[in-house]
Protein chains: 2
Amino acid sequence: MLSIGDLSKRTGVKVPTIRYYEQMGLISEPDRSEGNQRRYSKTDLERLAFIRHGRDLGLTIDAIKELISLSQHPDRPCVGADRIAREHLDDVRTKIAQLKRLEHELERIVSHCDGHSIEDCYVIRALSDHGLCEAEH
Amino acid sequence: MLSIGDLSKRTGVKVPTIRYYEQMGLISEPDRSEGNQRRYSKTDLERLAFIRHGRDLGLTIDAIKELISLSQHPDRPCVGADRIAREHLDDVRTKIAQLKRLEHELERIVSHCDGHSIEDCYVIRALSDHGLCEAEH
DNA sequence: ATATATTGCTCTAGAGACTAGAGGTATCGG
DNA sequence: CCGATACCTCTAGTCTCTAGAGCAATATAT
């Protein structure tokens, strides 16, 4: 039986975050000690590791909830889980593309800055005048 | 003189967002019509376009505030503005790198999924077992 | 066994950057 | 001048936590 602090250390999820997940219904209410402190089992540990992993991969709480509920029906086909992961992969790719455009823009902006006075600063000028941008955004 | 709706159309910033920016001190309180409605000048339009552009580039409200205050002292050197842009560029690059790692992980996960039952689903298994991951994350 | 330190409890509020809704007022086109 | 649209203020909600207050339980050291 693990205290909430132990669980936190083992999974890397902060204590208040664990309580938050409980509140959100991601993990079930654990047993309590005589003094009303939370006591976790190995199953709870696994569940939390699962959640942590999903969050690290950028899945939303809702997506993780869905995956948990899917995983509780091991007989059903796994197209649902597959779909969630694929959709998320699409999102990630879109975001990467966006950020790359941004990276180029910022590179251009800082490379033009000659460090003289604000009046001539390309950073400020570029922000003021969208026409100085290379691409639409 | 533009109404808040006109300003919104011209800049692409939604009406409640404009009011929010005013509240946050990003734009100054505009003149009002006799009936107490906001009326904006061309200067206000430019300022808001500047803000919009900065937000599109992913700058925080605070960073934009700083840039605005810098731009109001055109005689000072522009190292401050340069620094803000460079720091942001670093952040963007870090985030791109992170997302790429994530992309690989998700690719691997979905490519292993054979669409049979949840019991064998690689999506679920990968989330449960960090050991199935290629890299640390 | 006791004193102290650490950890735990609940509850509330805050972060960032908006967005939505209620209930009422101004302005504009016809 | 009527009705539609746009505007006003104010409050509360989004999402995923994080921080703090004030108090209770547990662990460690003596």
Side-chain angles (χ1 to χ4, degrees), chain A residues 1-27 29-41 44-45 47-48 50-68 84 88 91-92 95 98 102, chain B residues 1-27 29-40 44 47-48 50-68 84 87-88 91-92 95 98-99 102:
Chain A
M1 282 296 172
L2 303 164
S3 72
I4 197 166
D6 296 337
L7 191 65
S8 169
K9 268 168 221 144
R10 295 240 208 154
T11 57
V13 179
K14 286 181 191 157
V15 169
T17 306
I18 296 173
R19 289 196 277 250
Y20 168 75
Y21 286 160
E22 182 183 323
Q23 212 182 310
M24 292 300 104
L26 275 177
I27 52 183
E29 295 189 13
D31 296 339
R32 299 282 182 144
S33 73
E34 289 198 7
N36 198 36
Q37 298 194 354
R38 290 169 177 81
R39 291 294 176 263
Y40 295 96
S41 68
D44 294 324
L45 179 71
R47 161 74 62 95
L48 188 58
F50 180 99
I51 294 167
R52 169 80 210 261
H53 199 172
R55 290 292 301 137
D56 281 350
L57 291 174
L59 295 169
T60 63
I61 297 274
D62 278 349
I64 294 171
K65 245 187 197 165
E66 213 176 323
L67 286 173
I68 289 172
I84 291 173
H88 186 55
D91 289 350
V92 167
K95 196 156 268 169
Q98 256 177 27
L102 225 162
Chain B
M1 283 294 174
L2 303 165
S3 73
I4 198 168
D6 297 336
L7 190 66
S8 169
K9 268 169 221 145
R10 295 240 210 155
T11 57
V13 179
K14 287 182 190 157
V15 168
T17 306
I18 296 173
R19 289 195 278 249
Y20 168 74
Y21 286 161
E22 181 184 323
Q23 213 182 307
M24 293 299 102
L26 275 177
I27 51 183
E29 294 190 12
D31 296 337
R32 298 282 181 142
S33 72
E34 290 199 5
N36 197 37
Q37 298 194 354
R38 290 169 178 81
R39 291 293 176 260
Y40 294 95
D44 295 323
R47 162 73 63 95
L48 188 58
F50 180 100
I51 295 167
R52 169 79 210 261
H53 198 171
R55 291 292 302 136
D56 281 350
L57 291 175
L59 295 169
T60 63
I61 297 276
D62 279 349
I64 294 171
K65 246 187 197 165
E66 213 175 324
L67 286 173
I68 288 172
I84 291 173
E87 279 175 10
H88 185 56
D91 290 350
V92 167
K95 195 156 272 170
Q98 254 178 28
L99 285 174
L102 225 163

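Contact annotation: S3(A) side-chain N/O to dG8(C) OP1/OP2 distance is under 4.0 Å. For R38(B) and dT9(D), the shortest distance from a side-chain N or O to OP1 or OP2 is below 4.0 Å. One finds a side-chain N or O of R32(A) lying less than 4.0 angstrom from the OP1 or OP2 phosphate oxygen of dT10(C). A sub-4.0 Å separation between OP1 or OP2 of dC7(D) and a side-chain N or O of S33(B) is absent.
Salt bridge R52(A)/D56(A): present, at least one basic N to carboxylate O contact under 4.0 Å. Checked for salt-bridge contact, R38(B) and E22(B) meet the test: a charged N lies under 4.0 Å from a carboxylate O.
At whole-Å resolution of the value, OH in Y21(A) and C1' in dC15(D) are 12 Å apart. Here the P atom of nucleotide dC18(C) and the CG atom of L48(B) are 11 Å apart, to the nearest Å. Going from atom CE of M1(B) over to atom P of dT27(C) covers 14 Å, rounded to whole Å. The nearest whole Å value for the distance from the CD1 atom in I61(B) to the P atom in dT19(C) is 11 Å. One atom, CD of E22(B), and another, P of dC7(D), lie 14 Å apart when rounded to the nearest Å. When the P atom of dT10(C) is taken as reference, atom CD of Q23(A) falls 10 Å away, rounded to whole Å. One interatomic measurement links the two molecules: CG of N36(A) to P of dG8(C), which rounds to 14 Å at whole-angstrom precision. Put simply, CD1 on I4(A) is 15 Å from P on dA27(D), counting in whole angstrom units.
Nearest nucleotide to the side chain of Q37(A), out of dT7(C), dT16(D), dC7(D): dT7(C). Here the nucleotide nearest the side chain of R39(A), chosen from dC8(D), dT10(C), dT26(D), is dT26(D). The side chain of Y20(A) has dT16(D) as its nearest neighbour among dT9(D), dC18(C), dT16(D). Among dC8(D), dT27(C), dT19(C), the nucleotide with an atom closest to any side-chain atom of K14(B) is dT19(C). Proximity note for T17(B) (side chain, C-beta onward) versus dC8(D), dT26(D), dC18(C): the nearest is dC18(C). For R55(B), taking side-chain heavy atoms from C-beta onward, the closest of the listed nucleotides dC8(D), dT7(C), dC18(C) is dC18(C). Counting only heavy atoms from C-beta on, V15(A) has its side chain closest to dG8(C) among dC7(D), dG8(C), dT19(C). Considering only the side chain of P16(B), dT19(C) comes nearest among dT19(C), dT10(C), dC18(C).
Annotation for L26(B) and I64(B): closest pair CD2-CG2, 4.1 Å, computed over non-hydrogen atoms. The minimum heavy-atom distance between G5(A) and V15(A), with the atom names listed, is CA-CG2, 4.2 Å.
Listed for the T11(B) side chain is a donor-acceptor partner under 3.5 Å among the backbone atoms of L7(B).
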